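See below for the structure under consideration.
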Amino acid sequence: MTSRSPGKRTSRRTRSAITVAASGVLAAAAVLTFSPTAHAADTLGGAAAQSGRYFGAAVAPHLGETDYESTLNREFSSVVAENAMKWDATEPSPGQFNFSGGDELVAYAKQRGKFVRGHTLVWHDQQPGWVQGLTGDTLRQAMRNHITKVAGHYAGKIDSWDVVNEAFEGDGSRRQSNLQKQLGNGWIEDAFRTAKAADPKAKLCYNDYGTDGINAKSDAIYRMVQDFRARGVPIDCVGFQSHLASNSDLSTYRQNLQRFADLGVHVQITELDVGGSGAAQANVYRQVTQACVAVARCNGITVWGVTDKYSWRAQETPLLFNGAYQKKEAYGAVLAALNSAAS
Ligand code: G2I
């Protein structure tokens with residue numbers, strides 16, 4: 001209902017007064033338009049852009065489902081393939097590359113002016129079977145060739161690459177993966193140097209989970225990044241996956257991001273999802289978003305999916321849109337936190 005009464009005519013004098021007043025309003029609006037604080041954006045990507053950040057989503061092959069695609073188009077300014085750029089997908093047999101899924105996503109993103117994160121060049125999981133049995137120098141050459149070919153294929157199109165994923169245990173020790181056991185401690189820097197040669201422009205990230213505060217695992221990664229920076233190993237960013245629950249302890253979350261940022265790298269929230277619902281879930285999303293926007297070098301947030309119904313944690317309803325693509329309470333919390341960063 002509007003307060004305007006129907007059928008009421010306006011006199012000429014009143015109309016000119018309205019015109020003068022309206023032009024004053026327009027002038028004020030024009031001034032406000034140039035102020036970055038004036039307008040609250042009404043999409044996640046738009047709100048994040050006001051403070052120079054992206055807001056992204058992991059994408060599985062549901063492009064073609066109308067609501068999925070329209071939600072992705074409207075809300076998100078960055079995409080990452082949930083699975084399509086992993087080693088098992090891109091090099092199913094030795095030296096035979098399949099870029100179809102990744103190429104489709106990159107083309108989609110470029111047509112719409114969205115950023116692309118690359119995920120992931122080297123990981124202990126989702127390796128094709130043929131890699132799992134390799135030893136010694138054969139594994140080293142396979143890893144280098146994989147990075148060179150995949151990062152080379154997408155060179156110039158990827159904003160940030162997760163070069164190495166999940167190489168540490170919760171106690172801060174190195175995960176005893178085939179890479180660690182066969183190649184020793186040097187394999188991570190080897191991967192970063194190889195990626196740098198293949199795509200000199202992408203930001204090169206180390207990405208992990210369980211690093212949602214200051215703890216033994218994030219301490220170990222911190223020391224690695226500090227060492228890489230000191231020795232000139234090319235690392236540009238650290239990804240904090242942030243697979244969370246409604247009761248996650250976030251008391252040192254921002255402080256943890258800040259200490260990494262103080263090493264001179266960017267930090268990014270890379271796989272955010274929060275099990276739960278309602279206010280408790282929204283509150284965790286709000287805290288994570290507020291932490292990122294409080295850290296100057298936190299340049300973007302990615303949620304690990306668009307809709308609860310396709311989430312890897314679907315039963316926990318961890319995302320910002322429900323199965324019917326309706327905005328959840330958590331959506332409003334994230335949007336408000338992004339908008340308040342801009343003001
Ligand atoms: O596990 C959650 C994420 C943890 N951080 C790294 C991410 O890359 C990881 O993503 C998940 C995907 O969301 C899942 O979709 O990685 C899983 C694999 O560890 C993905 O699951 C796999 C299934 O296990 C396979 O059975 C399936 O063939 O997805 C594959 C493709 O649909």
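Position 1 is the first residue of the sequence, and the numbers go up from there. Whatever order the structure lists them in is the order used to number ligands and atoms, beginning at 1. Bear in mind the structure is a predicted one, so any value in this text is a computation, not a measurement.
- Taking the ring axis of Tyr222 as reference, the NZ or CZ atom of Arg259 stays within 45° of it and closer than 6.0 Å to the ring centre.
- Near Gln241, meaning under 4.0 Å from one of its heavy atoms, ligand 1 places the atoms 4 (C), 5 (N).
- Here the heavy atom of the protein found nearest to atom 32 (O) of ligand 1 is Asn83 ND2, 3.9 Å.
- Heavy-atom contacts of His243 reach the following atoms of ligand 1: 3 (C), 4 (C) (cutoff under 4.0 Å).
- Proximity of atom 12 (C) of ligand 1 to the protein is indicated by at least one non-hydrogen atom lying closer than 4.0 angstrom.
- Checked against the 6.0 Å centroid threshold, Tyr285 and Tyr331 do not count as a close aromatic pair.
- For atom 27 (C) of ligand 1, the nearest protein heavy atom lies 4.0 Å away or farther.
- Both tests pass for Lys217 against the ring of Tyr209: distance under 6.0 Å to the centre and angle within 45° of the axis.
- Annotation for ligand 1: atoms under 4.0 Å from non-hydrogen atoms of Glu166 are 4 (C), 5 (N), 6 (C).
- Looking at Asn207 against ligand 1, nothing comes within 4.0 Å, counting heavy atoms.
- Taking the centre of each ring, His124 and Trp87 stay at or above the 6.0 Å mark.
- Looking only at heavy atoms of the protein, atom 7 (C) of ligand 1 is closest to His119 NE2, 3.4 Å.
- At a 4.0 Å heavy-atom cut-off, ligand 1 touches Trp304 through the side chain alone.
- Among protein heavy atoms, the minimum distance from atom 19 (O) of ligand 1 is reached at Asp125 OD2, 3.1 Å.
- Distance remark: protein heavy atom present below 4.0 angstrom from atom 5 (N) of ligand 1.
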